[in-house]
Amino acid sequence: MAVEREGAITFKGNPVTLIGEEVKVGDTARDFTVLAQGLKPYTLNDGQGKVRLISVIPSIDTGVCEAQTRRFNEEAAGLEGVEVLTVSVDLPFAQARWCGAEGIENVKMLSDHRDLSFGEAFGVAIKELRLLARAIFVLDKDNKVTYVEYVSEATNHPDYEKAIAAAKETAAK
(Lines give C-alpha, C1' and ligand atoms only; values in the text may rest on other atoms or scores of the structure.)
Protein backbone atom coordinates (compact mmCIF):
# COMPACT_ATOMS: atom_id res chain seq x y z
CA MET A 1 0.00 0.00 0.00
CA ALA A 2 1.26 3.47 -0.88
CA VAL A 3 2.27 5.98 1.76
CA GLU A 4 -0.41 8.56 2.55
CA ARG A 5 0.52 12.05 3.77
CA GLU A 6 -2.53 13.68 5.36
CA GLY A 7 -2.70 17.48 5.29
CA ALA A 8 0.49 17.76 3.22
CA ILE A 9 -1.15 20.51 1.14
CA THR A 10 -4.48 22.27 0.89
CA PHE A 11 -6.94 22.50 -1.99
CA LYS A 12 -9.12 25.60 -1.83
CA GLY A 13 -8.13 25.95 1.82
CA ASN A 14 -9.04 22.39 2.80
CA PRO A 15 -6.35 19.91 3.86
CA VAL A 16 -6.02 16.92 1.50
CA THR A 17 -4.12 13.64 1.56
CA LEU A 18 -1.30 13.01 -0.88
CA ILE A 19 -0.59 9.43 -1.94
CA GLY A 20 3.05 8.46 -2.36
CA GLU A 21 6.32 9.37 -0.71
CA GLU A 22 7.57 12.94 -0.86
CA VAL A 23 10.34 13.40 -3.43
CA LYS A 24 13.43 15.27 -2.25
CA VAL A 25 16.42 16.87 -3.95
CA GLY A 26 19.09 14.22 -4.41
CA ASP A 27 16.61 11.34 -4.79
CA THR A 28 16.65 9.17 -7.87
CA ALA A 29 13.28 9.69 -9.52
CA ARG A 30 10.92 6.73 -9.26
CA ASP A 31 9.69 5.15 -12.47
CA PHE A 32 6.19 5.83 -13.76
CA THR A 33 4.06 5.19 -16.83
CA VAL A 34 1.74 7.88 -18.19
CA LEU A 35 0.13 8.41 -21.58
CA ALA A 36 1.44 10.80 -24.21
CA GLN A 37 -0.56 11.95 -27.20
CA GLY A 38 -1.98 9.11 -29.26
CA LEU A 39 -2.26 7.03 -26.05
CA LYS A 40 1.43 6.13 -26.34
CA PRO A 41 2.97 5.06 -23.00
CA TYR A 42 5.70 7.37 -21.67
CA THR A 43 7.98 6.24 -18.83
CA LEU A 44 10.77 7.84 -16.84
CA ASN A 45 13.30 6.10 -19.08
CA ASP A 46 11.83 7.72 -22.20
CA GLY A 47 13.42 10.95 -21.00
CA GLN A 48 16.74 9.36 -19.96
CA GLY A 49 19.71 11.44 -21.05
CA LYS A 50 17.71 14.68 -21.00
CA VAL A 51 17.24 17.29 -18.32
CA ARG A 52 13.51 17.49 -17.59
CA LEU A 53 11.40 20.18 -15.98
CA ILE A 54 8.17 18.45 -14.93
CA SER A 55 5.24 20.78 -14.35
CA VAL A 56 2.42 19.03 -12.48
CA ILE A 57 -1.09 20.49 -12.58
CA PRO A 58 -4.52 19.39 -11.28
CA SER A 59 -6.41 20.07 -14.57
CA ILE A 60 -5.67 21.98 -17.76
CA ASP A 61 -9.20 23.41 -17.63
CA THR A 62 -8.52 25.79 -14.74
CA GLY A 63 -7.08 29.29 -14.83
CA VAL A 64 -3.93 28.69 -12.79
CA CYS A 65 -3.15 25.44 -14.63
CA GLU A 66 -3.63 27.15 -17.99
CA ALA A 67 -1.34 30.01 -16.92
CA GLN A 68 1.30 27.61 -15.60
CA THR A 69 1.31 25.58 -18.81
CA ARG A 70 1.44 28.72 -20.99
CA ARG A 71 4.34 30.11 -18.92
CA PHE A 72 6.42 26.96 -19.20
CA ASN A 73 5.57 26.69 -22.91
CA GLU A 74 6.97 30.21 -23.41
CA GLU A 75 10.02 29.51 -21.25
CA ALA A 76 10.74 26.16 -22.93
CA ALA A 77 12.00 27.86 -26.07
CA GLY A 78 14.83 29.43 -24.03
CA LEU A 79 15.65 26.36 -21.96
CA GLU A 80 18.33 24.82 -24.14
CA GLY A 81 18.85 21.15 -23.40
CA VAL A 82 15.72 20.91 -21.23
CA GLU A 83 12.59 18.94 -22.06
CA VAL A 84 9.49 20.47 -20.46
CA LEU A 85 6.75 18.03 -19.47
CA THR A 86 3.30 18.86 -18.11
CA VAL A 87 1.51 16.08 -16.24
CA SER A 88 -2.17 16.10 -15.26
CA VAL A 89 -5.02 13.61 -14.96
CA ASP A 90 -6.80 15.14 -17.94
CA LEU A 91 -7.42 12.71 -20.77
CA PRO A 92 -4.85 12.91 -23.60
CA PHE A 93 -7.66 13.95 -25.95
CA ALA A 94 -8.52 16.96 -23.76
CA GLN A 95 -4.84 17.87 -23.45
CA ALA A 96 -4.41 17.75 -27.24
CA ARG A 97 -7.56 19.80 -27.82
CA TRP A 98 -6.44 22.47 -25.35
CA CYS A 99 -2.89 22.62 -26.72
CA GLY A 100 -4.20 22.95 -30.28
CA ALA A 101 -6.61 25.73 -29.32
CA GLU A 102 -3.94 27.60 -27.32
CA GLY A 103 -0.98 27.09 -29.68
CA ILE A 104 1.05 25.17 -27.11
CA GLU A 105 3.91 23.46 -28.94
CA ASN A 106 7.00 23.49 -26.68
CA VAL A 107 5.66 21.38 -23.80
CA LYS A 108 5.03 17.64 -23.90
CA MET A 109 1.64 16.92 -22.32
CA LEU A 110 1.31 13.67 -20.39
CA SER A 111 -1.80 12.11 -18.85
CA ASP A 112 -1.78 10.25 -15.52
CA HIS A 113 -5.51 9.53 -15.82
CA ARG A 114 -5.25 5.78 -16.27
CA ASP A 115 -3.20 4.63 -13.25
CA LEU A 116 -2.06 7.65 -11.20
CA SER A 117 1.38 6.07 -11.69
CA PHE A 118 3.21 9.41 -11.80
CA GLY A 119 1.09 10.82 -8.97
CA GLU A 120 2.00 7.98 -6.63
CA ALA A 121 5.67 7.82 -7.72
CA PHE A 122 6.14 11.56 -7.09
CA GLY A 123 3.79 11.89 -4.11
CA VAL A 124 1.32 14.25 -5.79
CA ALA A 125 -1.86 12.13 -6.13
CA ILE A 126 -4.68 13.77 -4.15
CA LYS A 127 -6.64 10.91 -2.56
CA GLU A 128 -9.90 12.80 -2.03
CA LEU A 129 -10.13 14.30 -5.53
CA ARG A 130 -8.23 11.92 -7.85
CA LEU A 131 -6.31 14.93 -9.13
CA LEU A 132 -2.61 15.76 -8.97
CA ALA A 133 -1.26 18.39 -6.61
CA ARG A 134 0.52 21.35 -8.18
CA ALA A 135 4.26 20.74 -8.13
CA ILE A 136 7.48 21.26 -10.09
CA PHE A 137 10.35 18.80 -10.38
CA VAL A 138 13.64 19.12 -12.23
CA LEU A 139 15.53 15.92 -13.10
CA ASP A 140 19.07 15.71 -14.43
CA LYS A 141 20.14 13.46 -17.30
CA ASP A 142 20.55 10.53 -14.88
CA ASN A 143 17.08 10.94 -13.29
CA LYS A 144 18.44 12.57 -10.13
CA VAL A 145 16.08 15.15 -8.66
CA THR A 146 17.72 18.61 -8.57
CA TYR A 147 14.69 20.75 -7.70
CA VAL A 148 11.35 20.15 -5.98
CA GLU A 149 8.42 22.42 -5.21
CA TYR A 150 5.17 21.09 -3.79
CA VAL A 151 2.87 24.12 -3.88
CA SER A 152 1.30 24.22 -0.41
CA GLU A 153 -2.08 25.49 -1.70
CA ALA A 154 -2.98 23.70 -4.92
CA THR A 155 -4.80 26.71 -6.37
CA ASN A 156 -1.68 28.95 -6.09
CA HIS A 157 1.06 29.43 -8.69
CA PRO A 158 4.46 27.77 -8.32
CA ASP A 159 7.68 29.79 -8.14
CA TYR A 160 8.35 29.99 -11.86
CA GLU A 161 11.65 31.85 -11.55
CA LYS A 162 13.19 29.32 -9.14
CA ALA A 163 12.07 26.37 -11.28
CA ILE A 164 13.45 27.92 -14.48
CA ALA A 165 16.74 28.82 -12.79
CA ALA A 166 17.05 25.26 -11.46
CA ALA A 167 16.42 23.80 -14.93
CA LYS A 168 19.03 26.09 -16.49
CA GLU A 169 21.56 25.29 -13.77
CA THR A 170 20.96 21.55 -14.14
CA ALA A 171 21.32 21.73 -17.93
CA ALA A 172 24.59 23.67 -17.62
CA LYS A 173 26.25 20.86 -15.63
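Because only heavy atoms are used, hydrogens play no part in the values below, and waters and symmetry mates are left out as well, while side chains stay in. From a predicted model like this one, the values you see are computed outputs, not experimental measurements.
Distance check: L44 CG to R52 CZ gives 5.5 Å after rounding to the nearest 0.5 Å. How far CD1 of I104 is from CG of N73: 4.0 Å, rounded to the nearest 0.5 Å. Atom CG of L132 is separated from atom CG of L116 by 6.5 Å, given to the nearest 0.5 angstrom. With rounding to the nearest 0.5 angstrom, the NZ atom of K168 is 11.5 Å from the CG atom of L53. The CG atom of N106 lies 11.0 Å from the OG1 atom of T86; values are rounded to the nearest 0.5 Å.
A donor-acceptor pair under 3.5 Å links the side-chain atoms of D112 to the main chain of F118, judged by distance alone. Formation of a donor-acceptor pair under 3.5 Å by the D140 side chain with backbone atoms of D142 is found in this model. A side-chain donor-acceptor contact under 3.5 Å links Y150 to the backbone of V23. At distances below 3.5 Å, at least one donor-acceptor pair connects side-chain atoms of S111 with backbone N or O atoms of D90.
The shortest distance between side-chain heavy atoms of V84 and E75 does not fall below 4.5 Å. With a 4.5 Å cut-off on side-chain heavy atoms, V16 and I9 count as touching.
A side-chain N or O of E153 and one of T10 form a donor-acceptor pair less than 3.5 Å apart. Side-chain atoms of Q68 and S55 include a donor-acceptor pair closer than 3.5 Å.
Between R71 and E161 there is a salt bridge, since a side-chain N of the basic residue sits under 4.0 Å from a carboxylate O of the acidic one.
Exactly one of R5, E128, K127 qualifies for a side-chain hydrogen bond (donor to acceptor under 3.5 Å, both in side chains) with T17. That residue is E128.
The two residues P92 and Q37 make their nearest non-hydrogen contact at O-OE1, 3.1 Å.
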